[in-house]
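Reviewing the structure listed below.
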Amino acid sequence: MAEADVITKNRKFKELGFYDNQENNVYFLLPMRFARLNQEKEVLVNEVGDHLVVREGTFQKIVQRELNKEDDPDLFGDLVANHFISESRIPPLIDVLATRYRTKKAFLNNFTMLHIFVMSLRCEHTCHYCQVSRVTQDKDKFDMSRDHIDKGIDMMLQSPSPHVTMEFQGGEALLAFDNIKYAVERVHLLAGLRNKSVTFVICTNLALVNEEILLYCKEHEILISSSLDGPAFIHNSNRTRPGRNSYELAIKGIELSKRILGPSRVSALMTTTNLSLDYPIEIVEEYYKQGFRNMFLRPISPYGFAVRNERKNKYETDRFLEFYKKALGRILEYNLAGEFFTEDYATIILRKMLTPFPVGYVDLNSPTGCITNVIAFNYDGSIFASDESRMLAEMKDFTFQLGHLDTHSYEEVFYSKRALEIVSTGINESLPGCSDCAFQPYCGADPIQNHATQGDMYGYRPTSSFCQKNMEIIRYLIELMDKDKAIAKIFESWVKSRS
Amino acid sequence: MLLRTRGISINIEEPVVGRITRNAGYTGDNSILICENGLPSSRIEKFACVLTNQESTDWQGDHPVVFKVPSFEHLNEGDLVVVSQDGNIKTLYRINSFHNTLLATERCNSNCLMCSQPPRDRNDTHRLYGIYEKMIPMIPKDCFELMISGGEPTLMGELFFQLLQLIKDQLPETEVHVLTNGRSFAWNNLAEKLSDLEYNRLMLGIPVYADYYQMHDYIVQAKDAFNQTILGIHNLARYDQRIEIRVVLHQQSIPRLTRLSRYIYKNMPFVEHITFMGLEYIGYTPYNIDKLWIDPHDYMDELGEAVEFLSGQGMNVSIYNSQLCVLPEALWKYAKKSISDWKQSYLPECERCNKLSDCGGLFTWNLKKHSEHIRPFA
Ligand code: SF4
Ligand code: SF4
């Protein structure tokens, strides 16, 4: 009898207000940052990269404790649900947030993945922006020796990562194809003993490619990464070679590679030059025409120039951003017309923004991707923190040389004072300017570029072209999604993991 | 579909669990004989119990019998039933169905506004476990799937784990689907204990109704339920347990539905299945109908966005308890014929619908309360 009373009392339904856990309108702030998107809107970003676009002035209201549940129930709910604020000092779901943070940074777990082998500095092209290659027959001087190949492979297989990528670069890597074969076969022999799976990539302009080479690639599951700068008049003007037929050879090579290896195993990289900046639409359309359904709008590389002047840097970055937006706009048009066609740089950033998963991309990692994600073995056996740092070395700047395959052990390279110094400057969580930047979780840190363009590894954000570029691209992507639901949907389709 | 009937019991001292047969010559253990034309003259002692439609008038034996059972139509050869002291004959397992459910307990630590099986605060776990302990070994080994529901099954405590262990041992090929609110697993040791069973055919179906604690707690009428459920899911994932998220669609859950879909993807991308379910008009729902009702036709935008977002990110999504004519065609591919056979019905107009065989229809109890937009396809 008494029990029955208790039951009916307990089971009586209560109103929504009864379930409010907030006491005295108090709430606590969780780590978050904000940035202004435009005149009307600002964006809040939490520690794991979730973002919320809100009306201008909202951040101020939140931190000044002027927000309350009654007036703004939806916003209040959004902020609590998305780990921006908490009604208790320690949020009840802090473990979930911690797991998400750990997941986001999981690209660090396996340490160095990408191992670049500069197989030869020789090239039959004389591209004007290229600072490193040589037109010569002198293999002994400019090709990587077999001894260094062996030592590089040994070092690669010491990586803690169960999966490593071996990327053959140049000059023109195919000029040393025999050595590539030698390397691939040696890796096959040794990788199993170390329980490693290895992905092979050859970076090539494809001028020298032929069926025999491609059949070998097919047999050994080697990926081809080629170059396509746009339509013939751009490509040929960027990439000079005797006969002015770089474009024709690239197209023929791409077609042949796709036929033999399958389209998914052939990619193309675009190098942006001053000339390209005037032709965003034409370049996108060229990629489309060649059957590509993704492309990478890469900024002009700042290497190969000495520390440049600030005004010029800014001007060039402005021009690049204008180019980028136009090209992205054309790509979006294809998508709005029902095609699936992605831009890789946006996709990387959007993955960081829209997915809960780790995104490891060398140029946008924090801690920096150099050393932790990539290492480069130069043709002469010297070891560099990244591909770019060996370019600096060609200009006699050896700041990022970590050692030499003949003289340094794995530990001496990766755990050296120099390596530590480079990586610890490459943590945007603690860099001036970046530490309170809303876009920090989407961005990265690039001590090498800072050093090359600004003279020190920490860099100075107000005049950094790396910062200017990323800040605007990230802002622009958020604004696009906020303004147009159709674009938001397209972006969501880009970030889906395709395995 | 009838799952329970009752007669006048004689000589039943404790619940008898057994397998239905109409064959008086049957020799298997634990059989319960149905005889519609008077008791057999011999062999009656071979049966655990005998059920008959006859009057008991002059019967003198000392064997368990239930007289005057009004109907046997719903009982098939091989069905498992429990016959209680008071003459109740309850079907536990139907041999011809894919939808067999064990009710673990009627107790619950939540009290959802739309609960289809309102909880009762009485200690039934030992009694029920005693029945299942006998019944589970009798279930055919090729049983495809068993559902365990409640109440809140984990409130069985230690017996919950024993029950799962028993099913795992007896029915190694059977998929087991436990409907739990997951709150108990906020205590990590329970999640760990579950994982110690190493039961890879076990899937936990856990409801999440909003991305914001206050709304979820209101819907389930329990303080701190949201945080416990999310922590529970998180702990279960730590041990790689298989999880399904179940979302019931109604007036309270719809406003934050698209946010919920994003919340699930961001915070629980590891779940194996997400299902969005139409409201059942039974249990508490009729009582709370003013707070709950929204014509499904009117929430299709929200549902479509939630489903397509999750599916677009590669997650496995279904829609349950919906009718094809109410769903936009783009969502048909997610619609499952989910309603258990014995609860499923159609409206009179469905008879002239050419999609009848693809459509999951309605819960029988929803014939009284359904979308205003049911239109047969011509
Ligand atoms: S580089 Fe610029 S955009 Fe990137 S995190 Fe630093 S301040 Fe922000
Ligand atoms: S008319 Fe009936 S059978 Fe046809 S789709 Fe609608 S609910 Fe289903």
Side-chain angles (χ1 to χ4, degrees), chain A residues 3-4 6-22 46 48-52 69 73-83 86-88 91-100 103-104 353-357 485 488-499, chain B residues 107-113 115 118-123 186 188 210-231 233-235 237-238 252 255-256 259-260 262-270 284 287-288 291 305 308-315:
Chain A
E3 201 184 351
V6 175
I7 295 165
T8 33
K9 213 185 282 166
N10 279 348
R11 296 285 177 205
K12 203 171 162 217
F13 297 110
K14 302 184 185 68
E15 294 306 312
L16 181 62
F18 178 81
Y19 298 96
D20 181 1
N21 289 347
Q22 195 186 23
N46 71 9
V48 292
D50 294 338
H51 75 280
L52 212 56
K69 207 179 262 201
D74 282 352
L75 176 63
F76 198 94
D78 289 350
L79 292 169
V80 172
N82 292 294
H83 316 283
S86 165
E87 292 175 354
S88 52
L93 296 180
I94 193 164
D95 281 0
V96 174
L97 192 60
T99 301
R100 290 198 49 200
T103 307
K104 272 285 176 195
M353 218 177 261
L354 302 176
T355 84
F357 304 117
K485 265 209 150 185
K489 268 199 157 165
I490 291 167
F491 284 169
E492 279 169 357
S493 78
W494 289 7
V495 303
K496 174 183 176 180
S497 22
R498 268 155 245 277
S499 41
Chain B
R107 292 175 137 187
C108 193
N109 49 353
S110 297
N111 197 41
C112 304
L113 293 176
C115 182
R120 285 206 248 167
D121 295 321
R122 60 178 184 201
N123 192 351
N188 188 53
D211 63 331
Y212 176 42
Y213 83 89
Q214 191 176 344
M215 185 48 81
H216 177 93
D217 289 359
Y218 168 62
I219 293 170
V220 307
Q221 292 281 306
K223 274 209 175 235
D224 289 331
F226 177 79
N227 291 331
Q228 288 171 0
T229 293
I230 301 299
L231 272 183
I233 291 173
H234 184 250
N235 286 335
R238 197 200 302 272
Q252 304 300 325
R256 296 193 72 94
R259 292 166 167 108
L260 174 60
R262 287 174 160 76
Y263 185 86
I264 292 170
Y265 170 64
K266 288 259 173 137
N267 294 284
M268 302 171 267
F270 43 74
Y284 283 154
Y287 178 80
N288 287 322
K291 295 185 182 111
E305 189 181 332
E308 282 179 335
F309 168 75
L310 286 166
S311 162
Q313 295 313 319
M315 302 194 72

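These numbers come from the heavy atoms of this one structure, side chains and all, not from hydrogens, waters or symmetry mates. Convention: sequence-line order gives letters A, B, ...; per-chain numbering from 1.
- Within a 6.0 Å radius of NZ in A/Lys489, no more than 12 heavy atoms belonging to other residues, nucleotides or ligands are found.
- Looking at B/Arg262 and B/Glu305, a side-chain N of the basic residue comes within less than 4.0 Å of a carboxylate O on the acidic one, giving a salt bridge.
- For B/Leu113, the parts lying under 4.5 angstrom from a heavy atom of chain A are both the backbone and the side chain.
- Only the backbone of B/Cys112 comes within less than 4.5 Å of a heavy atom of chain A; no side-chain atom from C-beta onward does.
- B/Ala225 is linked by a side chain to side chain contact (heavy atoms under 4.5 Å, CB included) to B/Arg183, B/His216, B/Asp217, B/Val220, B/Ala222, counting only residues two or more places apart in sequence or in another chain.
- Only the side chain of A/Glu87 comes within contact range of chain B, with heavy atoms under 4.5 Å apart.
- B/Tyr213 places a side-chain heavy atom less than 4.5 Å from the side chain of A/Asp20.
- Proximity to chain B (any heavy atom under 4.5 Å) is shown, for A/Val96, by both the backbone and the side chain.
- A cation-pi contact, defined as under 6.0 Å to the ring centre and within 45° of the axis, links B/Lys223 to A/Phe18.
- For the pair B/Arg256 and B/Asp211, the salt-bridge criterion is met [side-chain N within less than 4.0 Å of a carboxylate O].
- Chosen from A/Val48, A/Asn82, A/Leu354, the residue pairing most often with chain B at heavy-atom distances under 4.5 Å is A/Leu354.
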Under the salt bridge (charged side-chain N to carboxylate O under 4.0 Å, His left out) rule, what do A/Glu492 and A/Lys485 come out as? Steps first, then yes or no, please.
CA-CA 10 Å; A/Glu492 279 169 357; A/Lys485 265 209 150 185; over 6 Å; no
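- For the options A/Thr103, A/Asn21, A/Asp50, heavy-atom pairs under 4.5 Å to chain B are most numerous at A/Asn21.
- Comparing B/Phe226, B/Phe309, B/Tyr284 by how many heavy-atom pairs each has under 4.5 Å with chain A, the most go to B/Tyr284.
- If you tally non-hydrogen atom pairs under 4.5 Å between each of B/His234, B/Glu308, B/Gln252, B/Arg259 and chain A, the highest count goes to B/His234.
- For chain A, no part of B/Met268 is nearby; none of its heavy atoms comes within less than 4.5 Å.
- Listed for the A/Lys104 side chain is a donor-acceptor partner under 3.5 Å among the backbone atoms of A/Phe357.
- The parts of A/Thr355 that come within reach of chain B are both its backbone and its side chain, each placing non-hydrogen atoms under 4.5 angstrom from that chain.
- Contacts of B/Asn235 with chain A are absent, with no heavy-atom separation under 4.5 Å from either backbone or side chain.
- The contact between B/Tyr263 and chain A is made entirely by side chain atoms (from C-beta outward), counting heavy-atom distances below 4.5 Å.
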